[in-house]
Amino acid sequence: MIRSLRGMNDILSPDNARFEYFLETATTIAKRYGFEYFEAPLLEETALFKRSVGESSDIVGKEMYQFTDKGGNDVCLRPEGTAGVVRAFIQNKLDRQGGIQRFFYHGPMFRYERPQKGRLREFHQFGVESFGVASVYEDASVIMMVADILKALGITFKLKLNSLGCQECMPPYRQKLVEFLETSAEQICEDCVRRKETNPIRVLDCKNGKCQELYVAAPKLMQNLCSCCDADFSILQKVLRDNGIDFEVDTHLVRGLDYYSKTAFEFVSDEIGAQSAIAGGGRYDRLVEFLEGKPTPAVGFAIGIERLLELIKMPEARREGYYFGAMDEEALTAVMKAAQTKRASERVIIEYVPKGLKAHLKGADRVNARYCAVIGENELKEGRIWIKDLQEKHEEVVAIDAL
Ligand code: HAM
């Protein structure tokens, strides 16, 4: 028997209903914040991710589904959504258009990681990217949007915040950090020795216990921010507090992708095990320029849909739409016609096998229909249909045309 690949799941009941409910909720809220739907290809040139997510990141270094296609192109399945949206933004000259442009998207992402609970090789994200607003109030807005989505789904969360500084304050801080790492070069793990050369701030979220202990004493970027980044970070915290959103400042939150500057954030849940990040994002003011577009400030986030599924509190299932049935073969075409008319505005389930009223009522119950509508021999002669409201427990026989 052919099985699905490791770390790639089918989304079946009851997760399918939760998945759909998540997308409906997130889409409604994204539109309320002024974002419009966007769709990009799953396959892109490998160079796109190398340049945006960064060669030193684990995603590009170890986890890409990379291959050469039949035309000899070096391509890969997207490991995340931001790079493709930025590529499209530039390619379609939206950077030249100026103004504010806000997009949301959802779909599968691929990372060749070691599968475990909450960590898949094919997983789904819902993400947003906002272009053209340099103001930190937009950062606050996108964070509040994640909070709105999670609250609407009944999910409790913790929000971690950090500032990664800008072109002005990051390079001198990086230098200080490298000097600190040099003094403890003997004690840090192999990965951190490598990170010290490629992207030193990534050492801060090293999972090695000994490194963690050591980095408690490392210089903090928070204490080395320039006055602009410092002021922005204060505003961000004030807006979140004013809007009743709890957060903790985590100076070791550096994110696994290289394109961030200034605001970085992660939403975590302590109810889903080790892979606790349910959403992450931040500002990336230099990425558009870095990919050869017109300099455009940007900020966004992505939510990992699979990690949320078990946390979603679904509204109580309500009876919905119509169940149609016939009591004998002759009535079936009349049933099909009546059902098809109703389908223009309602959910309709048709039973093609003629049977008795009791059996039809059971069928209607099974598919959670609000109304059970049946045509028998007498009704057919009179051009009428028997209908029962299963919620209000009320029944009557009406003209088919008046249904
Ligand atoms: P990310 O933190 O790499 O950010 O991924 C966002 C979310 O995707 C994570 O918080 C997690 O819930 C989910 N996720 C990541 N890897 C896996 C996996 N292997 N299995 C299941 N779920 C996973 C980004 O991707 C950025 N593009 C977010 C962003 C948008 N930043 C700015 N704009």
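Everything quoted here is computed from the prediction, not taken from an experiment. We count ligands from 1, going down the list as the structure has it; atoms in each ligand are counted the same way.
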Determine whether more than 12 heavy atoms belonging to other residues, nucleotides or ligands lie under 6.0 Å from atom CD of E182. yes
For F104, run the ring-ring contact (aromatic ring centres under 6.0 Å, His included) check against F35, Y37, Y33 and tell me which one passes. Y37
Ring geometry between F267 and F265 (parallel below 30°, tilted from 30 to 60°, perpendicular above 60°): perpendicular
Please determine, by modelled atom types, if T68 and D74 share a side-chain donor-acceptor pair under 3.5 angstrom. no
Does ligand 1 have any N/O atom under 3.5 Å from a protein N/O, and what are those pairs and their distances?
{"unit_1": "ligand 1", "atom_1": "2 (O)", "unit_2": "R255", "atom_2": "NH1", "d": "2.9"}
{"unit_1": "ligand 1", "atom_1": "2 (O)", "unit_2": "R255", "atom_2": "NH2", "d": "3.0"}
{"unit_1": "ligand 1", "atom_1": "3 (O)", "unit_2": "R111", "atom_2": "NH1", "d": "3.1"}
{"unit_1": "ligand 1", "atom_1": "3 (O)", "unit_2": "R111", "atom_2": "NH2", "d": "2.9"}
{"unit_1": "ligand 1", "atom_1": "4 (O)", "unit_2": "R255", "atom_2": "NH2", "d": "3.0"}
{"unit_1": "ligand 1", "atom_1": "5 (O)", "unit_2": "Q125", "atom_2": "NE2", "d": "3.1"}
{"unit_1": "ligand 1", "atom_1": "8 (O)", "unit_2": "Q125", "atom_2": "NE2", "d": "3.2"}
{"unit_1": "ligand 1", "atom_1": "10 (O)", "unit_2": "A279", "atom_2": "N", "d": "3.4"}
{"unit_1": "ligand 1", "atom_1": "12 (O)", "unit_2": "A277", "atom_2": "O", "d": "2.8"}
{"unit_1": "ligand 1", "atom_1": "12 (O)", "unit_2": "I278", "atom_2": "O", "d": "3.4"}
{"unit_1": "ligand 1", "atom_1": "12 (O)", "unit_2": "G304", "atom_2": "N", "d": "3.4"}
{"unit_1": "ligand 1", "atom_1": "16 (N)", "unit_2": "R111", "atom_2": "NH1", "d": "3.4"}
{"unit_1": "ligand 1", "atom_1": "19 (N)", "unit_2": "E113", "atom_2": "OE2", "d": "2.7"}
{"unit_1": "ligand 1", "atom_1": "19 (N)", "unit_2": "L120", "atom_2": "O", "d": "2.9"}
{"unit_1": "ligand 1", "atom_1": "20 (N)", "unit_2": "L120", "atom_2": "N", "d": "2.9"}
{"unit_1": "ligand 1", "atom_1": "25 (O)", "unit_2": "R111", "atom_2": "NH2", "d": "3.3"}
{"unit_1": "ligand 1", "atom_1": "25 (O)", "unit_2": "Q125", "atom_2": "NE2", "d": "3.1"}
{"unit_1": "ligand 1", "atom_1": "27 (N)", "unit_2": "E80", "atom_2": "OE1", "d": "2.6"}
{"unit_1": "ligand 1", "atom_1": "27 (N)", "unit_2": "T82", "atom_2": "OG1", "d": "2.8"}
{"unit_1": "ligand 1", "atom_1": "27 (N)", "unit_2": "Y259", "atom_2": "OH", "d": "3.0"}
{"unit_1": "ligand 1", "atom_1": "31 (N)", "unit_2": "Y260", "atom_2": "OH", "d": "2.6"}
{"unit_1": "ligand 1", "atom_1": "33 (N)", "unit_2": "T82", "atom_2": "OG1", "d": "3.2"}
{"unit_1": "ligand 1", "atom_1": "33 (N)", "unit_2": "E129", "atom_2": "OE1", "d": "2.8"}
{"unit_1": "ligand 1", "atom_1": "33 (N)", "unit_2": "E129", "atom_2": "OE2", "d": "3.2"}
{"unit_1": "ligand 1", "atom_1": "33 (N)", "unit_2": "F301", "atom_2": "N", "d": "3.3"}

Taking the side chain as everything from C-beta on, heavy atoms only, tell me whether C169 gets closer than 4.5 Å to R174. no
NZ of K196: more than 12 outside heavy atoms within 6.0 angstrom? yes
